[in-house]
2 protein chains.
Amino acid sequence: MSRLAFDAHDHHSCIADTLDAAEARCAKSGLQFTPVRRRALEILATEHRAMGAYDLLDHLRAEGLGSQPPVAYRALDFLVKHGFAHKIERLNAFVACSHPDTDHSPAFLICRHCDAVAEIRARDARGLLTDSASKAGFTVDRAVIEAEGTCPNCQDGTEVQAPA
Amino acid sequence: MSRLAFDAHDHHSCIADTLDAAEARCAKSGLQFTPVRRRALEILATEHRAMGAYDLLDHLRAEGLGSQPPVAYRALDFLVKHGFAHKIERLNAFVACSHPDTDHSPAFLICRHCDAVAEIRARDARGLLTDSASKAGFTVDRAVIEAEGTCPNCQDGTEVQAPA
DNA sequence: CTTGATATGTTATATTATCTCATCTATCAA
DNA sequence: TTGATAGATGAGATAATATAACATATCAAG
C-alpha cells in the first residue's frame, strides 16, 4: 500500500467505514450509489491519496467500468457534491473524505515530498475567514483551505520521494 | 472598467502603485522587470480580476509581445514567484497582488455571481492552520485560502451576472 | 571576447475538463 | 401495463489549462 496518510492506521476498516457511511447516507437520502460511483469511492479510499481524474479513469477502465473521461468526472462530481470525496484544488486531484459521517469544513495538508494528503478539520480557520469576509460584506459558501509543506514522515534527512 | 474589486477606488493610482512597487523591488533585488513581465502585470492590474493564462496571452498577443502559451506562463511564473501576482487555484487564474509592498499571507474572496476576486490578509487564519498542522507534525510552507461566495455588490436581488 | 546565467521564440504535446447526443434505467402516475 | 419523467451511462469530439524540449538572444562578469 503506497502513500498512506501520515499516521499508520487500520486501512481495511478505514475503507470499509468510508463505503459503509456512503452507502448508508445514499440509502437515507435516496441517492443512487451505483457500481461506478461505489467503485470510484472504493478506489479513492484504497489508494488513500489525491488521485487525478485520469488516474481514477485508468482504474475504472481496467475493470470495464467505463472508458471515457466523463465517466470518471461524473462519478467524482457525485462524490464531491455529496461530500464523500473532496477536490484538492492545488493538485487538481481528488481524495476520499476522511470524515464522511459529519458535516465538516475540511482543510488539507499536502506533503511536497511524498504527495500524501491529510484531511483535517478547519472549523476555526474557516470561522476566522468567514468573520473577516463578513466585515467586507461578503458571504462565504465554501472555503478552500490547503496547506503545502512537509509531513512528519518526510521531516527527517531521509526524505521519502514520490514513486516514479 | 468591468468587474472591479468590491469597493470603488482610484483605479489609476492603484495600477500605478502596483507597477511602481514591482519596479522598485525588482531594482532592489536585481530582478529583470522585462517588457513582457511588466506588461503582464499591468494587464492583470488593469483588468483587476482573475484572468486565465490564455486571457492574458490574448492581450499580449494583440500587442505583439508573444504569441505562444509559454510566454504567458513564464511571465506569470515570474510574477507569482516574486509575489507580484497570485494564482487563484480554485479558478486556475491569476490576479495582481493588492499588497505588493509587504510580506503577506493572502486569502481570496471569490464572488460566484460577478467573478470579482478580492484579496484580504489571512494572517490569523493561516496562523490557526499552521498551529493545527504543527500538532500533526506538519510544516506549512504555503497556504491556499480561498472563499467562494457572494460579494456585497451581488447581495441584493438584482444580482450582477458575469458578462457572456 | 567568451562564458555562464537568464530570458525569449517556437513547435509540439501533455494534462485536465467539458459538450453533445444517444441510450438506458428506475420510478411513479394514470 | 403503459407512458412520462428524471437520473444515469456510453461514446465521440473538443475545449481549456499547462508543460516539455530545443533553438536563439541578451547581458553581465571574468
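Quick note on labels: first sequence line is chain A, next is B, and so on, each numbered from 1.
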TODO: Please state how far atom CD in Gln68(B) lies from atom P in dA18(D), giving the value in whole angstrom units.
DONE: 16 Å
Task: Glu146(B)/Arg142(A) ion pair, N-O < 4.0 Å - done: no
Open item on the list: Can you see if the side chain of Arg37(B) gets near the phosphate of dA7(C) - specifically, an N or O under 4.0 Å from OP1 or OP2?
Closed with: yes
- [ ] For dA17(C), take OP1 and OP2 only and decide whether either is under 4.0 Å from a side-chain N or O of Asn92(A).
- [x] yes
Open item on the list: Just the rounded figure in Å: distance from P of dT10(C) to CZ of Arg61(B).
Closed with: 12 Å
Task: Rounded interatomic separation in angstrom, taking CG from Asp58(B) and P from dA15(D) - done: 15 Å
Open item on the list: Is there aromatic stacking of Tyr73(B) on dT19(D) here, judged by a ring-centre distance under 5.5 Å and a plane angle under 30°?
Closed with: no
TODO: Rounded off to whole Å, could you give me the CD-to-C1' distance for the Glu89(B) and dT17(D) pair?
DONE: 12 Å
Task: Shortest side-chain distance from Phe94(A), nucleotide among dA11(D), dA17(C), dT19(D) - done: dA17(C)
- [ ] Check the distance between dT19(D)'s P and Asp77(B)'s CG and give it to me in whole angstrom.
- [x] 7 Å
- [ ] Decide, yes or no, whether a salt bridge links Arg74(A) with Asp77(A) under the criterion of side-chain N to carboxylate O below 4.0 Å.
- [x] no
TODO: Would you mind telling me which of dA13(D), dT8(C), dT10(C) lies closest to the side-chain atoms of Val36(B)?
DONE: dT8(C)
- [ ] Find the distance Leu31(A):CG to dA6(D):C1' and express it as a whole number of Å.
- [x] 14 Å
Open item on the list: Looking at Lys87(A), I'd like to know whether one of its side-chain N or O atoms comes within less than 4.0 Å of OP1 or OP2 on dT16(C).
Closed with: no
Open item on the list: Rounded to whole Å, how long is the line connecting atom CG of Leu76(A) with atom C1' of dT9(D)?
Closed with: 15 Å
- [ ] Could you tell me whether Arg37(A) sits above the aromatic face of Phe78(A), with NZ or CZ closer than 6.0 angstrom to the six-membered ring centre and within 45 degrees of the axis?
- [x] yes
Open item on the list: Quick check on DNA chain C: between Gln32(B) and Pro69(B), whose nearest nucleotide comes earlier from the 5' end?
Closed with: Gln32(B)
Open item on the list: What's the closest nucleotide to the side chain of Val71(B) if the choices are dG9(C), dA11(D), dA17(C)?
Closed with: dG9(C)
Open item on the list: Closer than 3.5 angstrom, by distance alone: can the side chain of Gln155(B) be matched with the main-chain N or O of Gly137(A) as a donor-acceptor pair?
Closed with: yes
Open item on the list: Nearest whole Å is fine: how far is dT15(C) C1' from Leu91(A) CG?
Closed with: 14 Å
TODO: Give a yes/no on whether any side-chain N or O of Thr34(B) is located under 4.0 angstrom from OP1 or OP2 of dT8(C).
DONE: yes
Task: Salt-bridge contact Asp141(A)-Arg112(B) (side-chain N to carboxylate O under 4.0 Å) - done: yes
Task: Check: Tyr54(A) side chain, dA17(C) base, donor-acceptor under 3.5 Å - done: yes
Open item on the list: If you go through the side-chain atoms of Arg74(A), does one of them form a donor-acceptor pair with the base of dG7(D) closer than 3.5 Å?
Closed with: no
